[in-house]
Amino acid sequence: MDRLPNPVWLRSFEAAARHLNFTEAARELGLTQTAVSLHIRSLEVELGEKLFTRSARRLDLTELGQSYALTVRRALSDIALSTNSLFGLATRQTLTLRAPISTATYWLAAELPEFSALYPEVPVRLVSNIWADSAAPGEVDVEIRLGYGDWPGLRAEKLCDETIVPVCPANAPLPALEKMRQGPLIHVLGYEDNWARYFEAHDQLPNEAAVRHSVDTTVAALQLVMAGAGYATILTRFARNAIAQGAPLKIAGPPIPFAQSHYLIRSDGAAPPSALAQLYTAWLRERLARDAAP
């Protein structure tokens, strides 16, 4: 057999590369921080290369480490997917996912057919909430939130960075930025500064006088856009999925970075993730890695 490092070391490396923190990786794996650190050092000795650069307050992957992390993550994900596809889960259980309503509608629901095709034996229950803090993590296998990752009493693992774009009706002429600035504009409550940030990113002054509607979800904002009531800024991920699902919309301008991200969250002191949670999150990380690949 070709050269293969200790699989335990690889598992610790993948978790450490994802968290960029040995303590968080150890907590996820149910190990000590010392054990994870030893696994990484042993792997580096085996490979003859440094995988991380270490400083007093920061841990970063080297260039080789970044490339190797993606390879290892995909390999471990493939093993998990194959194991569960061939041998199934010990008992028939329902996978319960919870996310903000717009994330559930315009991201998770759009991706679930692929997961279900791989795991037809796993029933999925997708529940949603409007506000990120309207329900504490409870009897769910996987909870995803959009925010800054700083919720008290919760551990948060960043899944992906996000960008925002303006959207307009599919049958409308593609508007120039100044045309959009004149409105009518639609605000999503909690993200009222998105339009200001978008215009400022393009060296334009915000125009609060152009705001005509405020709604509490992206779902409602897109319904207004499709009805011809104005323009809205939403996550690029949501816009693309909505359009792919047949929504009569189009992206009306280039994306700009969004300060918030999607996170996997768990309560401090919570039990280790269930087998179903590990199965789904392994698939989700692999799916996101495919999206991020050049």
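Heavy atoms only: backbone and side chains are in, while hydrogens, waters and symmetry mates are out.
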Return the [atom1] to [atom2] distance between [X] and [Y], rounded to the nearest 0.5 Å.
| X | Y | atom1 | atom2 | value |
| --- | --- | --- | --- | --- |
| L222 | S102 | CG | OG | 7.5 Å |
| Q260 | I164 | CD | CD1 | 10.5 Å |
| Q223 | T218 | CD | OG1 | 12.0 Å |
| L284 | C160 | CG | SG | 7.5 Å |
| T94 | L276 | OG1 | CG | 8.5 Å |
| R41 | L43 | CZ | CG | 12.5 Å |

Heavy-atom closest pair, residues [X] and [Y]:
| X | Y | value |
| --- | --- | --- |
| E162 | S261 | CG-CA, 4.3 Å |
| A252 | L174 | CA-CD1, 3.8 Å |
| Q66 | L61 | CG-CB, 3.6 Å |
| A16 | I40 | CB-CD1, 4.3 Å |
| P169 | G228 | CG-CA, 4.2 Å |
| I256 | A201 | CG2-CB, 3.9 Å |

Close side-chain approach of [X] to [Y], heavy-atom, < 4.5 Å:
| X | Y | answer |
| --- | --- | --- |
| L108 | T103 | yes |
| R98 | S128 | no |
| W107 | N241 | yes |
| N6 | E46 | no |
| I251 | I243 | yes |
| V122 | S116 | no |
| V165 | F238 | no |

Is there a path of hydrophobic side-chain contacts, each under 4.5 Å between heavy atoms, that joins [X] and [Y]?
| X | Y | result |
| --- | --- | --- |
| L47 | V8 | no |
| W9 | L64 | no |
| L288 | L264 | yes |
| L38 | L59 | no |
| I144 | Y148 | no |

Donor-acceptor check, side chain of [X] to backbone of [Y], threshold 3.5 angstrom: yes or no?
| X | Y | answer |
| --- | --- | --- |
| S214 | H187 | no |
| T281 | A277 | yes |
| K250 | A172 | yes |
| D141 | T96 | yes |
| R181 | L205 | yes |
| S37 | Q33 | no |

So, do [X] and [Y] have ring centers that fall under 6.0 Å from each other?
| X | Y | answer |
| --- | --- | --- |
| H202 | Y198 | yes |
| F13 | Y68 | yes |
| Y119 | W283 | no |

Verify the neighbour count for atom CZ of R240: are there more than 12 heavy atoms of other residues, nucleotides or ligands below 6.0 Å?
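Open.
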Do I265 and E157 pass the side chain to side chain contact (heavy atoms under 4.5 Å, CB included) test, and can you show the C-alpha distance, the side-chain angles, and the key distance before you say yes or no?
CA-CA 6 Å; I265 64 166; E157 175 197 332; over 6 Å; no
Less than 4.0 Å between a side-chain N and a carboxylate O, is that true for [Y] and [X]?
| X | Y | answer |
| --- | --- | --- |
| R18 | E28 | yes |
| R27 | E24 | yes |
| R237 | E111 | no |
| E143 | R145 | yes |

Residues [X] and [Y]: side-chain donor-acceptor under 3.5 angstrom:
| X | Y | result |
| --- | --- | --- |
| H39 | S12 | yes |
| Q182 | E178 | yes |
| T53 | T62 | no |

In terms of ring plane angle, is the pair F52 and F22 parallel, tilted or perpendicular, where the classes change at 30° and 60°?
perpendicular
Passes side chain to side chain contact (heavy atoms under 4.5 Å, CB included), N194 versus F258? Steps please.
CA-CA 9 Å; N194 277 4; F258 188 51; 3.5 Å; yes
Between E114 and R287, does a salt bridge (Lys or Arg N to Asp or Glu O under 4.0 Å) hold up when you go through it step by step?
CA-CA 10 Å; E114 180 179 325; R287 181 71 183 84; 3.3 Å; yes
Using the ring pair (Phe, Tyr, Trp, His ring centres under 6.0 Å) rule, take W195 and Y231 through it: C-alpha gap first, then chi angles, then the decisive distance, then the call.
CA-CA 10 Å; W195 272 119; Y231 309 104; 7.0 Å; no
Give the C-alpha distance, both sets of side-chain angles, the deciding distance and a yes or no for side chain to side chain contact (heavy atoms under 4.5 Å, CB included) between M226 and L249.
CA-CA 7 Å; M226 289 186 286; L249 299 163; 3.4 Å; yes
Pair Q204, L177 - check side chain to side chain contact (heavy atoms under 4.5 Å, CB included), show working.
CA-CA 9 Å; Q204 296 281 333; L177 188 63; 3.4 Å; yes
Apply salt bridge (Lys or Arg N to Asp or Glu O under 4.0 Å) to E44 and R54, showing your working.
CA-CA 13 Å; E44 289 177 328; R54 301 161 175 85; 3.2 Å; yes
